[in-house]
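Just the heavy atoms: all of them, side chains too, but no hydrogens, waters or symmetry mates, feed the values below. Everything quoted here is computed from the prediction, not taken from an experiment.
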Amino acid sequence: MNLLRLLVNKGILSTSDHAMVESELAKNRPLADALAERGISLADALAVAGKAYGLPTRILGDPPANQEVFQYIPIDSARYYKFVPLNVVEGALEVGITDPDNIEAFDALQFISGKIGLPYKIILITKEDFERVLDEYQNLSGEVNRALSEYETTATSASAAPSTPSEMESLLDDKPLTLTGPREALKEDSPVTKIVSTILRYAIEGRASDIHIEPSPNKTRVRFRMDGDLHTSLELPARVHEAVIARIKILSKLRLDEKRKPQDGRFSATVDTRRIDFRVSTFPTEYGEKVEMRILDQSATTATLESIGLTKTQLALIRAIMKVPYGIVLIAGPTGSGKSTTLFAMLSELDRETVNVVSLEDPVEYEISGVSQSQVRPEIEYTFANGLRSILRQDPDIIMVGEIRDKETAVLAVQAALTGHLVFSTIHTNTAVGAIPRLIDMGVDPFLIAPTLVAVVGQRLVRKLCKDAGKPFPITDSMKKFLDREFADIPLEYRTALPPFKEFYHAGPTGECPNGTRGRTAVFEILRMDKKIEQVILKEPVDEKIYAVARASGMFTMREDAIVKALAGEIPFEEINTLGGELPPVEDTA
C-alpha cells in the first residue's frame with residue numbers, strides 16, 4: 001500500500017506536495033510531521049486508506065504493542081510478511097499490517113491462526129508504527145546481535161575465548177553489576193559483557209525463574225523458564241560460548257581454568273533499585289560448559305502463608321502445626337516445586353524476637369530478618385550433618401535444615417527434635433506419605449520417626465488463571481461421576497467442605513494475558529501425625545497403609561486440592577491432569 005499515492009488519488013494531497021513529502025521522508029523526517037505541515041493529520045490519512053480497503057485503522061501509542069503476544073508470530077515471519085501482533089482482545093489476535101494488497105501475508109496469517117488456535121483481526125497501521133513494533137519485538141535478539149557485531153570487530157581471531165586485552169580486562173571486572181534499561185546500554189562495556197547483561201535483563205523483565213545456556217556443535221541456545229516451562233529466547237554462535245561462560249564465571253567468582261567438573265556460585269545485580277540474586281551452576285558437556293542460573297528477586301520475597309495458595313482449612317492446620325514446641329516438620333516435593341518459598345513463609349511468621357532461629361541452607365536463597373542463616377560448604381567438609389552438630393551448641397529453639405538427603409542428617413534432625421527443638425526441613429519425595437518410607441530407607445528407625453515427626457506437607461506448582469481469563473464450562477454427568485469416585489474414600493464429614501460440582505474453567509486469552517495464565521500457585525497435601533499413623537509406622541510403614549489411615553482422617557491429596565482450586569476458578573481445568581492419577585473425561589467438555 002502506497003499511502004501517499006492513495007492520498008493523491010483521493011485528491012487530498014497534490015502531486016507537488018506528494019513529491020516534497022517523498023523528498024522529506026528520504027531525509028528520515030517523520031511522515032506525521034511532513035503531512036501536518038500540509039494540513040493533513042496522520043490519523044486522517046490512515047483513515048482514508050482504511051476506508052478504501054474496508055479495514056479498521058490505528059495509530060499506536062507507547063508502548064506500541066503488548067509484548068506478551070510476540071510469542072504468537074515468529075519474528076522472521078513478521079519481518080518478511082510485514083505484519084506484527086498487537087494485542088489479544090475478546091479472544092482474537094489483533095495483527096497490524098501495512099500492505100493490505102499482500103495476499104501472501106493473509107495466507108500466512110490464516111496458517112498461523114490455525115496453528116495457535118486464535119482467530120485474527122486485521123488492523124491497518126503506518127510503516128513507522130510497524131517499525132516501532134518490530135523494534136520492540138526484536139529488542140533481545142537485536143541488542144545481542146549488535147553486541148555480536150562488535151565482538152566480531154574487536155576480536156583479533158576466530159577464537160571463542162576472549163583474546164584482546166580490553167576484552168579480558170572487561171571480563172575480569174567483578175564490580176557490582178547494574179543492569180540498565182534497553183535503551184541505556186553502557187557504551188564502555190565490552191561486547192561479551194553487553195551480551196550477558198542483555199540476557200540477564202530480559203530474563204528478569206520476562207519474569208523468568210531460570211536461565212539455561214546450552215552449547216551444541218554449531219550454536220549456543222539460551223532458554224528462559226517461565227511459569228514452569230522452558231522457552232528458547234536466543235541462539236548465539238558457538239564461537240562466543242566460552243567468552244560468555246567466562247564472563248558469568250567471573251561474576252560468580254568461579255575458577256576459569258576448571259572446565260572438567262561442575263562448579264556452583266552466585267552473584268547479585270541491581271535493576272531499578274531492586275536487588276536480584278543469581279544462583280549459578282556450571283556443568284561440563286561434550287561441547288562445552290552448560291550454565292544454569294536461578295533468578296532470586298530479593299525484593300519479591302514477601303511470600304506469606306496467605307499468599308502461597310493455602311486454603312483456609314490448610315492455613316489453620318499449618319499454623320497449628322507451627323505452634324508445637326518440638327518435633328520435625330517436613331516440606332516434600334521434587335526440585336522446583338516451591339518448597340523453599342513455603343519454608344520462607346513459615347519462618348517469616350515465627351516469633352523471631354524471643355526465640356533463636358538458625359538455618360543451614362545450600363545455598364542461602366532468601367534473606368530472612370531475625371534468622372541466623374548459614375550456607376553449607378561440602379568442599380571444606382561443612383555439611384548439613386556437621387552444621388547440625390554445631391547448631392545444637394548455639395542454643396537454638398528452632399532449626400531450619402535446607403534438605404534431609406542422607407542418614408546422618410536425618411538422624412541428627414531426629415535427635416534435635418527429641419531434645420526439645422522444632423526442626424523444619426525439606427525432603428525429595430513425590431507425596432507427603434512417601435516421606436516416611438524415605439526416612440526409613442535412609443536408616444532412621446521407625447520408633448524414632450513416630451514420636452518426632454509432626455507433619456509432612458507435600459506440594460506442587462500449577463499455573464494460575466489471570467483475572468477475567470477463566471472461560472467456564474459446565475460439569476457433565478460423566479465428569480461428576482469421576483469427581484464422586486475421586487472423593488469416595490473421604491469420610492462424609494470432610495466432604496461437606498467441598499465446593500459444589502458446578503463448573504470448571506478453561507484458560508482464555510485476554511489483553512493482559514495472551515495465554516490466559518500468569519504465575520503459579522501451589523497445591524498441597526498435609527499429613528498430620530496422630531496416634532493411628534504412629535501405630536502404622538511402628539507396625540507396617542508402607543505407603544498404602546499410611547495413606548489409608550491418613551485418608552480416614554480427612555487428608556486431601558494435591559490432585560484433589562487442584563480440583564478444589566479449579567472449581568473455584570483459581571487455576572485452569574487442564575492443570576489437574578499435570579498431577580497424575582485418573583484423567584477426567586475431557587471429551588465431554590467441548
Side-chain angles (χ1 to χ4, degrees), residues 46 50 55-100 102 104-144 181-182 201-209 222-234 463-471 506-520 572 574:
L46 193 62
L55 292 173
T57 63
R58 184 176 301 167
I59 301 296
L60 304 182
D62 192 17
N66 176 0
Q67 291 193 6
E68 292 190 13
V69 301
F70 291 164
Q71 61 184 301
Y72 290 121
I73 296 178
I75 189 168
D76 289 341
S77 298
R79 192 182 294 114
Y80 180 80
Y81 292 109
K82 299 293 189 293
F83 55 56
V84 285
L86 302 177
N87 210 341
V88 174
V89 177
E90 296 180 353
L93 178 65
E94 292 185 339
V95 179
I97 68 168
T98 62
D99 186 5
N102 188 346
E104 281 188 340
F106 286 89
D107 291 341
L109 274 176
Q110 194 67 39
F111 174 80
I112 292 171
S113 174
K115 186 177 180 181
I116 65 176
L118 279 179
Y120 64 88
K121 179 181 179 182
I122 295 294
I123 307 289
L124 191 59
I125 62 175
T126 66
K127 288 182 179 180
E128 287 79 6
D129 277 347
F130 168 79
E131 294 295 339
R132 282 203 303 137
V133 177
L134 198 63
D135 184 56
E136 292 287 327
Y137 203 164
Q138 59 190 5
N139 261 341
L140 173 57
S141 57
E143 285 189 55
V144 170
R201 189 178 69 249
Y202 276 88
I204 294 167
E205 291 175 355
R207 298 187 297 275
S209 62
V222 179
R223 294 196 290 171
F224 296 164
R225 186 179 295 279
M226 293 181 285
D227 291 345
D229 292 333
L230 281 170
H231 303 275
T232 299
S233 300
L234 182 67
R463 291 176 178 83
K464 289 195 302 184
L465 280 170
C466 290
K467 182 180 179 181
D468 301 324
K471 307 302 180 186
H506 288 307
T510 68
E512 293 294 322
C513 295
N515 293 324
T517 61
R518 177 175 292 169
R520 292 187 291 174
E574 290 76 13

Applying salt bridge (charged side-chain N to carboxylate O under 4.0 Å, His left out), can you list everything that pairs with R223, at least two apart in sequence or on another chain? E214
For D227, salt bridge (charged side-chain N to carboxylate O under 4.0 Å, His left out) partners two or more places apart: none
Among residues at least two apart in sequence or on other chains, which ones pass side chain to side chain contact (heavy atoms under 4.5 Å, CB included) with K464? T521
Holding to side chain to side chain contact (heavy atoms under 4.5 Å, CB included), I want the full list of residues that pass it with A78, two or more places apart in sequence or in another chain. I73, V84, L134, Y137
From [X] [atom1] over to [Y] [atom2], what is the distance, rounded to the nearest 0.5 angstrom?
X: I122; Y: L55; atom1: CD1; atom2: CG; value: 7.0 Å
X: I97; Y: L124; atom1: CD1; atom2: CG; value: 6.0 Å
X: D99; Y: K127; atom1: CG; atom2: NZ; value: 7.5 Å
X: L46; Y: T126; atom1: CG; atom2: OG1; value: 6.5 Å
X: E94; Y: I123; atom1: CD; atom2: CD1; value: 4.5 Å
X: M226; Y: R520; atom1: CE; atom2: CZ; value: 12.0 Å

Under 4.5 Å between any side-chain heavy atoms of L109 and Y81, yes or no? no
Are the side chains of Y72 and V95 in touch, meaning some heavy atoms are under 4.5 Å apart? no
List the residues meeting side chain to side chain donor-acceptor pair (under 3.5 Å) with R132, not counting sequence neighbours, and say none if there are none. D129
For residues [X] and [Y], report the shortest heavy-atom separation together with the two atoms involved.
X: P85; Y: A65; value: O-CB, 3.8 Å
X: A208; Y: F224; value: CB-CB, 3.9 Å
X: Y80; Y: E104; value: OH-OE1, 3.8 Å
X: L86; Y: V133; value: CD2-CG2, 4.1 Å
X: H506; Y: L465; value: O-CD2, 4.2 Å
X: F83; Y: A105; value: CE2-O, 3.4 Å

Under 4.0 Å between a side-chain nitrogen and a carboxylate oxygen: does that hold for E90 and K121? no
Pair listing, side chain to side chain donor-acceptor pair (under 3.5 Å) test, anchored in residues 107-118, at least two apart: Q110-Y120
